[in-house]
S.K.: 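I am attaching a structure below and will ask some questions about it afterwards.
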Protein chains: 2
Amino acid sequence: MAYRIALVDDDRNILTSVSMVLESEGFQVTTYRDGVDALRGLTAEPPDLAVLDIKMPRMDGIELLQRLREKSGMPVIFLTSKDDEVDELLGLRMGADDYIKKPFSQRLLIERVRSIFRRIEAQKASAASPGTASATSLARGELVLDPAQHLCLWKNAPVNLTVTEFLIIQALAQRPGHVKSRDQLIDAAYGEHIYVDDRTIDSHIKRLRKKFREVDKDFSHIETLYGVGYKYNETNAAA
Amino acid sequence: MAYRIALVDDDRNILTSVSMVLESEGFQVTTYRDGVDALRGLTAEPPDLAVLDIKMPRMDGIELLQRLREKSGMPVIFLTSKDDEVDELLGLRMGADDYIKKPFSQRLLIERVRSIFRRIEAQKASAASPGTASATSLARGELVLDPAQHLCLWKNAPVNLTVTEFLIIQALAQRPGHVKSRDQLIDAAYGEHIYVDDRTIDSHIKRLRKKFREVDKDFSHIETLYGVGYKYNETNAAA
DNA sequence: CCGCATTATGGCAAAAATACCGCAAAGGTA
DNA sequence: TACCTTTGCGGTATTTTTGCCATAATGCGG
């Protein structure tokens, strides 16, 4: 279930480059080249997040946001070129969730976008009634993972995981019995444009094992494959 | 299996310092001092990644990339000195994978480089195992080998192999009944540019036979061809 | 059966990979 | 602001793997 992001900018180059980046991260991107078009599109089919340039012909980003806010509370990130535009944003504080100064790195952009969606997930989690399995949830034998609720159950007992831990166990449980290299797990947990050390994965695996053991002393479903990576087994490791 | 990186910059200091950093991370680095040389070198022997300075005499990085793109899709990272160069990149974005502003920290550079290679590995992995049965998995009679799961079964019993052992049995099982010389097995297990002693293969064969015998006392499918090498037989050796 | 060449195998120390402690930085919250 | 949680990573202990040696065993040609 890919998030949908609307991108509004009058610079076609930025439009294509940014949307490429976002799409490479698995988001579904719709682009608009000016505020008027965008207002129509965004109203007709609201995305999960809007990324707006401030300076645009016909209708600038700020006016666009004000119009949007009449109808919708969708998250918004602004793109700004100048510091005084930032000031303006801060002064007005009219409901933007974040802003990014041009020029910006892919990494920064993705960081901001992901943080927005993390926040949304968190809200969903607290809002959702427990017991309702959402569409994206995962039930692998005794393990239940529901990203929407940020819920992890082991043999029906809740396991309290942090965001990173959740992403890692999710990646592992996606394919029980299959090895994931540390690099693959880094991609799954952080996205492709962020580097963390291999050993950091070890730490998270350690914490995961510990938390599962707190619920089930004999938990040993996360297996180390020496020289390869880790894998999640549905059946407990015997030998 | 070291990744090969080409580094192109007219500043000799940067050339040496950066290549030292990369080499210390285990990468194999080739350097070029201008775009014309680089184009020739990169075309003749394409590396796994190119790191290009933008501002260079004779041919700048942007032109170099365009020329490269005519032939190759190798990943590219740009080095830039000025913000307006960044703008240009963001706008044009003609196939560069990332950019780094000078001056940059060693850590940042490594971060970017590793992220590129993670992506490559990820693609390899997903290409290798799209469904449940990975394309490269092998079922030869009673022997089952699945690299994606790092799984080895003999008569449905799991055999716990190390990476090297796995690579060797894989090479042997690829063509049952066909001899592989020790040199061929070394290539298969270590890559072509690493030297280990012939007798080392004997050791691995020893360990393989032992591990298989632990599961099946009468296992004798790995046959020695005196003076030639080893081969894997589907039917047990009748001798 | 003999002598030479090749292989099998147990053992071992070095190397490689991993587990995990503890801390400090980062981020969020009240 | 101060406080709490999360997180990444340095560093060390531990485990696993691995290459190779020395010796015994086996194969091969005569």
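Proteins get letters first, then strands, A, B, ... in listed order; numbering begins at 1 in each.
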S.K.: Any sub-3.5 Å donor-acceptor pair from B:His221's side-chain atoms to B:Asn233's backbone N or O?
M.R.: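 Checking the backbone N and O of B:Asn233 against the side chain of B:His221, a donor-acceptor pair under 3.5 Å is found.
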
S.K.: Could you tell me the separation between the OH atom of B:Tyr195 and the P atom of D:dT18, rounded to a whole number of Å?
M.R.: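 It works out to 18 Å between those atoms.
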
S.K.: With no hydrogens and no angle check, is any side-chain donor or acceptor of A:Arg175 less than 3.5 Å from a backbone partner on A:Tyr232?
M.R.: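 Not confirmed, A:Arg175 side chain does not pair with A:Tyr232 backbone.
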
S.K.: I need the NE2-C1' distance between A:His204 and C:dT18, as an integer number of Å.
M.R.: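 A:His204 atom NE2 is separated from C:dT18 atom C1' by 16 Å.
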
S.K.: Atom CG of B:Leu167 and atom C1' of D:dT17: how far apart are they, to the nearest Å?
M.R.: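 Result: 13 Å.
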
S.K.: How many Å lie between CD1 on A:Ile222 and P on C:dC20, as a whole number?
M.R.: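 Result: 12 Å.
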
S.K.: Residues in side chain to side chain contact (heavy atoms under 4.5 Å, CB included) with B:Leu153, at least two apart?
M.R.: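 In terms of side chain to side chain contact (heavy atoms under 4.5 Å, CB included), with neighbours along the sequence ignored, B:Leu153 is linked to B:Val144, B:Leu151, B:Pro158.
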
S.K.: Tell me which of A:Asn160 and B:Thr162 sits closer to the 5' end of DNA chain D, going by the nucleotide each one is nearest to.
M.R.: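 Closer to the 5' end of DNA chain D: A:Asn160.
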
S.K.: Name the pairs: protein N/O against N/O of nucleotides 7-14 of chain C, kept only if under 3.5 Å.
M.R.:
from   : atom 1 : to       : atom 2 : distance (Å)
C:dT7  : OP1    : B:Arg182 : NH1    : 3.3
C:dT7  : OP1    : B:Gly227 : N      : 3.0
C:dT7  : OP2    : B:Arg199 : NH2    : 3.1
C:dT7  : O5'    : B:Arg182 : NH2    : 3.4
C:dA8  : OP1    : B:Arg209 : NH1    : 2.9
C:dA8  : OP1    : B:Thr224 : OG1    : 2.4
C:dA8  : OP2    : B:Tyr230 : OH     : 2.6
C:dG10 : N7     : B:Lys206 : NZ     : 2.9
C:dG10 : O6     : B:Lys206 : NZ     : 3.3
C:dG11 : O6     : B:Lys206 : NZ     : 3.2

S.K.: By the definition side chain to side chain donor-acceptor pair (under 3.5 Å), identify the one residue from B:Asp197, B:Asp202, B:Asp198 that meets it with B:Arg182.
M.R.: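 Going through B:Asp197, B:Asp202, B:Asp198 one by one, the side chain to side chain donor-acceptor pair (under 3.5 Å) with B:Arg182 is satisfied by B:Asp202 alone.
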
S.K.: Within this structure, what is the CG-to-C1' distance between B:Leu185 and D:dT18, rounded to whole angstrom?
M.R.: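 Roughly 16 Å, once rounded to whole Å.
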
S.K.: Salt bridge between A:Glu165 and A:Arg207, side-chain N to carboxylate O under 4.0 Å?
M.R.: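 Salt bridge: no.
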
S.K.: From CD1 of B:Ile201 over to P of C:dT6, roughly how many Å is that when rounded to an integer?
M.R.: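 So the two atoms are 17 Å apart, to the nearest Å.
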
S.K.: Please determine whether a side-chain nitrogen of the Lys or Arg among A:Asp187 and A:Lys180 lies less than 4.0 Å from a carboxylate oxygen of the Asp or Glu.
M.R.: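 Judged by the 4.0 Å cut-off on N to carboxylate O distance, A:Asp187 and A:Lys180 do not form a salt bridge.
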
